[in-house]
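Notes to accompany the following structure.
In what follows, every chain begins at residue 1, and chains take the letters A, B, ... in the order their sequences are listed. Predicted, not measured: the structure shown is a model, and the values here were computed from it.
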Amino acid sequence: MSTAHPHPAIAPALIGWFAENARDLPWRRPGFTAWGTLVSEFMLQQTPVSRVIPRLDEWLARWPTPAALAADSPGDAVRAWQSLGYPRRALWLHATAVAIVERHGGVVPREVDALLALPGVGDYTARAVAAFAYGERHPVVDTNIRRVIARAVAGQAEPAPPSIRRDLAAMSQLLPDEKVAARSFNAAIMELGATVCTARAPRCEACPISEYCEWRGAGFPGYDGPRKAVQKKYEGSDRQVRGLILAALRAAPDAAAPHALAPGTRPPEPPRPGPTSRHGSVTAADIAALWPDDEQRDRALAGLVSDGLAAVTATGYALP
DNA sequence: CAAACGTGGGC
DNA sequence: TGCCCAAGTTT
């Protein structure tokens, strides 16, 4: 099945450029596993590459397979997530590892539909794994790709609000028919958006498709769409309070493993393990010291428990 | 569909 | 300084 490509020069130009200009990134190393790709894609959801790389290395050294992660507690995943942000992703990634073991024999699935059924895997991540880890031919659409298409093809400074149907259709128009080329093109156009056709200061002089760019051809018209929602202030927000509480839970040392006692010594009264968790507990008083506004703090804490990021223990709260 | 969801770095 | 941005997903 061959597709008519309205912009036949774009894909070859980008593929050639990518072959020479791709950054050396862990997930582009030969032999990188599908599991590694899945972990990296979770981490890259809204977190910059430079912050992801050290955590990714740690994760894959500790949990080289889905089964390895599934065998540890979700709290271990949340703690190892450190300060990547959006820690529910760590929870989802753990749940995804469990699901892969239970439903897919411990092997990351290659079908988009199976990937989409995993917690925390959406339209982008599912196609990224199918395309990059398995070489399947799928259009991948992320924020970089949407911006490049908006400029080069639609002639607009910024993309219209996301629409998965439209965005996939637009990317499909550009995608080469052949699998290997399609995979390379997905990576290439994403890389262009990340390093050349950037949101703030595009470097058109370094762009391999500037001669085909409709935005440039139209004289770089300014953005005229609807005003985009302004990101809410972090300082003083519920997010900040959740972050503070979770940082305290991550910092609590694991409940001490029972160690050998001198002969004749009576074991100390065991701190009755509460309903949960071998992760160390933080008392309500310690949490209260983190934030003065009772109502906001309680709301944040309840939210963490409700999200499964915190567990109630006999003495307070702990990672799950 | 808009809003919630972390954190840090660049300009 | 303060705003913008960063390989999204879920509800």
Side-chain angles (χ1 to χ4, degrees), chain A residues 18 22-23 25-28 36-56 78 81-93 95-96 115-133 138-148 157-165 167-168 171 183 186-195 197-202 223 226-250 296 299-300 302-304 306-310:
Chain A
F18 186 66
R23 290 169 293 175
L25 298 172
W27 42 93
R28 294 176 180 162
T37 299
L38 184 58
V39 173
S40 73
E41 293 299 350
F42 264 85
M43 291 183 170
L44 287 164
Q45 293 168 5
Q46 301 285 279
T47 300
V49 166
S50 60
R51 292 177 55 206
V52 161
I53 289 175
R55 295 296 84 73
L56 179 65
V78 173
W81 199 254
Q82 299 189 231
S83 63
L84 283 177
Y86 293 143
R88 55 179 62 185
R89 288 181 292 164
L91 224 43
W92 286 333
L93 183 47
T96 272
L115 287 159
L116 281 172
L118 299 170
V121 175
D123 291 309
Y124 164 73
T125 301
R127 289 177 178 79
V129 170
F132 297 139
H138 293 289
V140 175
V141 174
D142 79 326
T143 187
N144 290 307
I145 291 173
R146 287 174 12 82
R147 185 173 54 250
V148 173
E158 294 179 38
S163 153
I164 188 60
R165 212 180 122 174
D167 296 340
L168 285 176
M171 183 63 179
R183 178 182 190 276
N186 277 316
I189 189 171
M190 195 179 309
E191 183 80 346
L192 187 79
T195 64
C197 194
T198 54
R200 211 155 6 183
Y223 177 69
R227 187 88 180 129
K228 288 186 297 185
V230 186
Q231 190 169 358
K232 283 210 173 86
K233 191 168 66 173
Y234 182 66
E235 198 66 28
S237 66
D238 283 13
R239 286 185 187 180
Q240 183 185 20
V241 183
R242 286 170 57 109
L244 285 170
I245 295 172
L246 199 59
L249 299 189
R250 283 198 306 261
Q296 189 182 22
R299 184 169 65 238
L304 289 172
S306 160
D307 291 344
L309 284 164

Check: Can you check the I245(A) CD1 to dT7(B) P distance for me, whole Å?
Finding: 11 Å
Notebook entry, point to check: What nucleic acid atoms does L246(A) come within less than 4.0 Å of, heavy atoms only: base, sugar-phosphate, or nothing?
Noted result: nothing
Next item on the list: Starting at the 5' end of nucleotides 5-11 of chain C, put B wherever the base has a protein heavy atom under 4.0 Å, S where only the sugar-phosphate does, and a dash everywhere else.
Entry: BBBBSS-
Next item on the list: Between P162(A) and R89(A), just flag the one whose closest nucleotide in DNA chain B comes earlier from the 5' side.
Entry: P162(A)
Check: Mind checking what makes side chain to side chain donor-acceptor pair (under 3.5 Å) contact with T47(A), not counting sequence neighbours?
Finding: R89(A)
Checklist line | Between P of dA4(B) and CZ of R299(A), the distance in whole Å | finding: 11 Å
Checklist line | Value rounded to 0.5 Å, distance of SG in C197(A) from CD1 in I145(A) | finding: 12.0 Å
Next item on the list: Using side-chain contact (heavy atoms from CB on, under 4.5 Å) as the criterion, list what pairs up with F18(A), not counting sequence neighbours.
Entry: A22(A), R28(A), S184(A), A187(A), A188(A), E191(A)
Notebook entry, point to check: For residues N144(A) and R147(A), is any side-chain donor paired with an opposing acceptor at under 3.5 Å?
Noted result: yes
Next item on the list: Can you tell me, in whole Å, how much space there is between the P of dT9(C) and that of dG8(B)?
Entry: 23 Å
Check: Using the P atom in both, what is the distance from dG10(B) to dA7(C), to the nearest Å?
Finding: 15 Å
Notebook entry, point to check: With sequence neighbours excluded, what pairs up with R88(A) under the side chain to side chain donor-acceptor pair (under 3.5 Å) test?
Noted result: D307(A)
Checklist line | Protein-nucleotide distance (E235(A), atom CD; dC3(C), atom P), rounded to Å | finding: 12 Å
Note to self: Tell me the interatomic distance from Q240(A), atom CD, to dG8(B), atom P, rounded to whole angstroms.
What the structure shows: 11 Å
Notebook entry, point to check: What is the nucleic acid contact for P87(A), judged by heavy atoms within less than 4.0 Å: base, sugar-phosphate only, or nothing?
Noted result: sugar-phosphate
Notebook entry, point to check: Who passes side-chain contact (heavy atoms from CB on, under 4.5 Å) against P54(A), sequence neighbours left out?
Noted result: none
Next item on the list: Pick base, sugar-phosphate or nothing for V140(A), based on heavy-atom distances below 4.0 Å to the nucleic acid.
Entry: nothing
Next item on the list: Ignoring backbone atoms, test whether K232(A) places a side-chain nitrogen or oxygen under 4.0 Å from the OP1 or OP2 oxygen of dA4(B).
Entry: yes
Please output the side-chain donor-acceptor pairs of residues 116-126 of chain A that fall under 3.5 Å, not counting sequence neighbours, one pair per line with the distance.
residue : atom : partner : partner atom : Å
Y124(A) : OH   : E41(A)  : OE1          : 2.8
Y124(A) : OH   : E41(A)  : OE2          : 3.4
T125(A) : OG1  : Q45(A)  : NE2          : 2.9

Check: Contact class for Y234(A) (heavy atom, under 4.0 Å): base, sugar-phosphate, or nothing?
Finding: base
